[in-house]
Structures are given as structure tokens and as C-alpha cells.
Engineer: 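I'd like to ask you about the structure that follows.
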Amino acid sequence: MQTVFSIAVDALAYGMVLFVISIGLSVTMGLMRVVNLAHGAFAMIGGYIASYAARDLGLGYAAAVIAAVVATIIIAIPLERFLYRRIYGAPELTQVLMTIGITFCVIGIANYAMGPTLKTIPLAGALQGSADLGFRTIPVHRLFVILCGLAVALALWFAIERTSFGVKLRASVDDAAMAAALGVRTEIIYAVSFAVAVGLAAFGGVVGAELLPVEPYYALRYMVTFLVVVSVGGAGSIPGALIACLLLGAIDTTGRYLMPEFGEFFFYLAVIAIICVFPRGLAGRVK
Amino acid sequence: MKKLVFAAVAAVAIGTSAYADPIKVGVIGPFSGPFALQGKNFKAGIDAYMAVNGNTVGSDTVEIVYRDVPQPDPAQSKALAQELIVKEKVQYLAGFYFTPDAMAVTPILKQGNVPMVIMNAATSAIVTKSPLVVRTSFTTWQTSTPIAKVAFDAGVKKVISVVSDYGPGVDAENAFKAGFEKAGGQVVEAIRMPLATNDFSPIMQRIKDSGAQGVFAFLPSGPTTLGFVKAYNENGLKAAGIKFFAPGDLTQESDLPALGDAALGIQTTFHYAVSHDSPENKAFVEAATKAIGNKAELSFPAVSAYDGMYVIYKMIEATGGKQDAEKAVDAVKGLAWASPRGPVSIDPESRHITQNIYLREVAKSDDGTYINKEIQTFEKQGDPGLAAAK
């Protein structure tokens, strides 16, 4: 019984880390219809900035997180204006080629500017160490990530489903021409959504850095994981992504505990099975 | 314009042909991509050697030609080696970070009349594939066997082995198991984790549940190591008194700043620590730091490359600059010298390097940087992996 609880706690923690890191991609792919393979690159930029702010400038963890999110969005603004705006609504292949190109550029620049070694982000004192849950100990940082994941999920769901911005965003996505005719400034809507998605990527990169350490190849190394989460959850669906992360986290963690020699077999088996039954993902909308 | 360039090139070519052609050494390694840091270390070691000892042997000038294989890719490695031999006319091949890359090249050495000096690839069997292979690095068996004795002597009788599921990981598992059981200990469980593991919490729970007093671990250096060591601390294994044993790949110097306090006190066995205290190493570190630019990036492949160049210079000396692979390799069999890592020699039979293996503990040095502090020496260790394969 203890083992079951133990696995459940690990699964929840891992699933939430996946969620925080991947949700930004779900927004770009589902709501903006851009296959943004550079998502990991933005997460990595966030991680580097946080690491630089915390280690070299001596800022606190909270300040480093905010600095990372803000600075990554600022870096992304010209990219959105000059590169991404050209590929909204373009065929997927064009989007993939362009965003993977951006990814390689970012990797090269990061390698040149920050060096090839691992960069860590020193945690705030309260987040270090481990908490005793009675039957086992768990790093406090994991609890923090679980809370972050829940907060992000709630905030996003509220913004998309319950605010007028969310209404305009959904309208622009479904029929940009009609939305524009009704007075919605679609360009601004897209720019803001893109900024939010990039900010989420940076946020995920920073809080997930304990599990996925920041180094130049971060952007490529975890790309498949991000894409799997989005496709299983259904692009653009917040509850879908949340369920997908928890499910995949549970399968991966259980497999790793009971039969580590099978590697990621169970993880991908589950992905194949889910995609066969739900080709649009667990909560994907029919176009 | 084109004609002009052509004429200029031709003039230069004719001009230089009056002198002896330089002796070319082809170096294959990962100089870009995720493992670029290791390739950078190759280059730093080679540059350091040539800065200290000059770029001439007798009347011959030595020239290095680099070729990049970013990730394990035997086909590309072989193609590049062929190109080096046929087009660049290299007399020596060196480098090779990954075992498959080295293995793929061994069949063409004889025909190309080219010796191969391995500066990293650490699987025991490579030296048996061709009599023209000499290795100046280490094998996973060589560095993992002494830690078994360390673990047993520390009073640990039951150990769980946790390795990444790939060639070197399996090597490490076997080496540790052989050494530990010989000493009288017991490996209660052997776990092989997928290489792409990010979250080690479940593994840590397995270790706890196994009831072992210690854990032996092997992972490739880089991001996974960081996650593993952190998980070991944060899941309360350190606090529970479960001891941590590993070969030195896990506490590679370039990873130490990132590991930080989490790594303090971890004991590993390895053939080289940048902090090794000897005049040879001091000179080496100074030259290699200049070559690599940032001392924090300096780590073990640099010393293997440095010693590899020593061997190649000896080969050139013995053959008088003429291309004769067999004579070159024969000349360095039994060669012994003082390397920055300590006294080393080339075993005449296996052509693998015999060297001291050190037990080190991660500690904070006086200037606040993290180092692998050597605390015990296992002298003149050969490669137990070859014997085990027989």
C-alpha cells in the first residue's frame, strides 16, 4: 500500500512538471494553430535568464522567475513581429521548418554565449530540502511545482473560458476574417496570446529546471516529450493537457518503478493506444 | 579571378613542396552538438601538448586535422576516417569519444597503414579488434572495479546497482558486481534505467525499498547525472545513510559547479582528477586552461588527448616520420612515462594504458570551487575487462 501511495505522489509531481512545461505549447498549437517547435528553446532561454539572474546578479528565486518570464517575452516580441506573423495560417510544414530553424539558432547562440556546461538555478531557502509526508519524504520543490501547475491550469482556464479576451481569442482562431469584421483586433490578440505562451514556456523552463536541467541542447532533448503531451491531451485544451500529463506521468512513473528495464516502452505504448482511440487527443475539438 | 587564385594556390603548393610534407594526424571526435564539450577537451589536450612540446618531431612538422562526429555514428566515423586516410593522407588517427565510432574504424587501419590512438572510447574490446589500436584513456571496467573494494571496506555488504541502460552502463554493472562479489559482498538488485530518464524519484524509492546499504551508480555525465544526484539527496537517501558509490564519470569536473553542495562527500574512483597534485599536472592544467579558455570546462578527455599526443610523438620519433603503422605501434608497447595523471605505461599485450586509479571525494577547495580530492591510490591498474571477456 505504501508503495502505491509512493508511486502516486511521484506520478503527481512528475505529471505536474510536465504540465507546467508543456502547457504553453498547447496554447500555441491549439489556439493559434502554430506548430511551435521552438517552444523548448523559449523554455531554455527562460532557464538561462533565471540562472544568470540568480547566480550572477544575486537576485532571489522569485525575482529570478519574474525576470526570466518578462525577459523571455521581450526577446520573443521581435521574433513574433518579424518571423511568426508570417507563418500564422501557413501549412504545417512551413511552420515546422521555420520553428526548428529558430530552435537551432537559439541552441547555437546559447552554446556560444553561456557555454556548454549545465546551469542551475539556486532555489529559495524555503524550497530546498525535503518534506516528510509520513510514509516517505519528497523534495519541497516538487510540492511547489504541483501548486504552480494547479495555479497555471486554473488561471488559463479562467482566461480562455470566462473572460472577454478568451472569447475574442477563440473567435479569432475559429474565423479570423469574421472576427476582424466584428471589430476584434486579431493581430493584437495573436501577439498577446503568443506572449502568454512564451511566458508560460519560460516559467515552465525555470520551475522545471530541477528535473530538466538547463543546457544548450535542452531545446531539442525534450521536444518529443512536449509534443507527446500536447497531442495526447488535445491541442489547446487546458483540462485535456492536465489529464494527459497526470496520466502519462502515472504510467511513466509506475513503469519506471516496477520495470525500469522496459525503458519508455509503457509510456509510448500508452501514447499509441490513446492516439488510436482519440486521434485528436483526449479533449481535442473537432475542427 | 578564378585563374589568379588557382595560380596563387599552385605557386604556394610548389613553394612548399621543397620542404618535407607535414605529418598529419586525423582527430575524430564530437566537436559540435550535445557532446561538444568533450571534443573541446580533446582539442585542449592536443593544443596543450603541442604548446609545451612544440609542433615538430625531429625535422618533421606535425599537423592536426579535425573531423566532427557530433553523436555516436559509426558510419559517419568510418567515412571520415577513410577520407582522412585517402584524401588528407594522415599517418595517424586519434580521438574517438564513443565506442561505436572507434569500432567502425578498426577494420580499415591495416589497409590504410595507420595506427589508431584512442583518446576516450572506454569499452574493453576495442583493442582486440585490430593490433594497430593503442588506448590512452581508460575503460569502464578499469575505473569501476576499485570502487567495489572501497564499498566493501567501508563496511557495506549489500549494494544495489543502478546504471543507465547502454553499453558502458552494463560494463560498469558487470565490473562492480564481479569486484564486489569477489570481495564477499552481495549485489541485491541490478536496475537498468532508460537513458532518457528525467525523473529519478521512483528509482530512489526502489533503492530504499531494496534494503541495500549502498548504491552503485553509473550514468553518462551531463544533465542526467545532475538529476540523479539531486534525487539521491532530496528523496532522503543520503539522510537515511545509504552510501553512494560510482566511477568518476558522475563527478566530472565540468559538472561539479552545477552539482554544487549536492555532490559534497560523494566518493568516486577514476584515473584523473584536475586537482591531482604533481608538477606534471600543474604544467598540464596551466597549458590546457590556456587552450580551452575556461578552467571550469576542463575535464578528463583532455588528459587522455594529451597523453595520446605523447604516444603519437613517440611513434613519429621511432619511425623517423615514415608511414609504418606496425613499427610505430611496436615502438610504444611497454612505453612508460610520467603523465599528468601519475605514472602510466602501455601494456605490451593489450596496448591499453596501465595507470593508477584514485579514490576521490568531492570537496570544496580553498578558493570555493568544487574539486575531486584524491584520498586513496590503487596503483598500476590494468584492464580487468579483457580478462573477464576471455
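Below, chains carry the letters A, B, ... as their sequence lines are ordered, and counting in each starts from 1.
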Engineer: Among the options Met193(B), Met204(B), Lys40(B), Glu297(B), pick out the one with the most heavy-atom pairs lying under 4.5 Å from chain A.
Structural biologist: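 Heavy-atom pairs under 4.5 Å are most numerous for Glu297(B).
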
Engineer: Tell me, side chain or backbone of Asp165(B) under 4.5 Å from chain A's heavy atoms, or both, or neither?
Structural biologist: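 It is the side chain, since no backbone atom gets that close.
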
Engineer: If I measure from the heavy atoms of chain B, does Leu258(A) come under 4.5 Å with its side chain, its backbone, both, or neither?
Structural biologist: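 Only the backbone of Leu258(A) comes within 4.5 Å of chain B.
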
Engineer: With only heavy atoms counted, which part of Leu212(A) is less than 4.5 Å from chain B, the side chain, the backbone, both or neither?
Structural biologist: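 Side chain only.
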
Engineer: Could you list which of residues 246-259 of chain B have a heavy atom closer than 4.5 Å to any heavy atom of chain A, in residue-number order?
Structural biologist: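 Result: Ser254(B), Asp255(B), Pro257(B), Ala258(B).
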
Engineer: Contact part of Ser6(A) toward chain B, heavy-atom cut-off under 4.5 Å: side chain, backbone, both or neither?
Structural biologist: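 Looking at Ser6(A), just its side chain touches chain B.
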
Engineer: Is it true that Ser365(B) and Thr369(B) share a donor-acceptor pair across their side chains at a distance under 3.5 Å?
Structural biologist: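 A pair is found: one side chain offers a donor N or O, the other an acceptor, under 3.5 Å apart.
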
Engineer: Is Asp209(B) close to chain A through its backbone or its side chain, or both, or neither, when contacts mean heavy atoms under 4.5 Å?
Structural biologist: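 Looking at Asp209(B), just its side chain touches chain A.
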
Engineer: Given side chains that start at C-beta, do those of Phe218(B) and Phe176(B) come closer than 4.5 Å, heavy atoms only?
Structural biologist: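 Side-chain contact under 4.5 Å: no.
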
Engineer: Assess the side chains of Arg142(A) and Ser201(B): does a donor N or O sit below 3.5 Å from an acceptor N or O?
Structural biologist: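 Yes, a side-chain donor-acceptor pair sits under 3.5 Å.
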
Engineer: Could you tell me whether Lys177(B) atom NZ has more than 12 heavy atoms of other residues or ligands within 6.0 Å of it?
Structural biologist: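 Incorrect, the count does not exceed 12.
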
Engineer: How about Phe267(A): does its CZ atom have over 12 heavy atoms from other parts shown lying under 6.0 Å from it?
Structural biologist: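 Yes, enclosed.
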
Engineer: Does either side chain, that of Ser32(B) or that of Asp68(B), offer a donor lying less than 3.5 Å from an acceptor on the other one?
Structural biologist: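 Note: Ser32(B) and Asp68(B) side chains meet the donor-acceptor criterion.
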
Engineer: Could you list which of residues 221-229 of chain A have a heavy atom closer than 4.5 Å to any heavy atom of chain B, in residue-number order?
Structural biologist: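 Within residues 221-229 of chain A, near chain B: Arg221(A), Tyr222(A).
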
Engineer: For Asp367(B), does the CG atom sit with more than 12 other heavy atoms under 6.0 Å from it, leaving out its own atoms?
Structural biologist: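 Counting other residues, nucleotides and ligands, CG of Asp367(B) exceeds 12 neighbours.
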
Engineer: Considering residues, nucleotides and ligands other than Phe262(A), do more than 12 of their heavy atoms fall under 6.0 Å from its CZ?
Structural biologist: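 At most 12 heavy atoms, drawn from other residues, nucleotides or ligands, come within 6.0 Å of this atom.
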
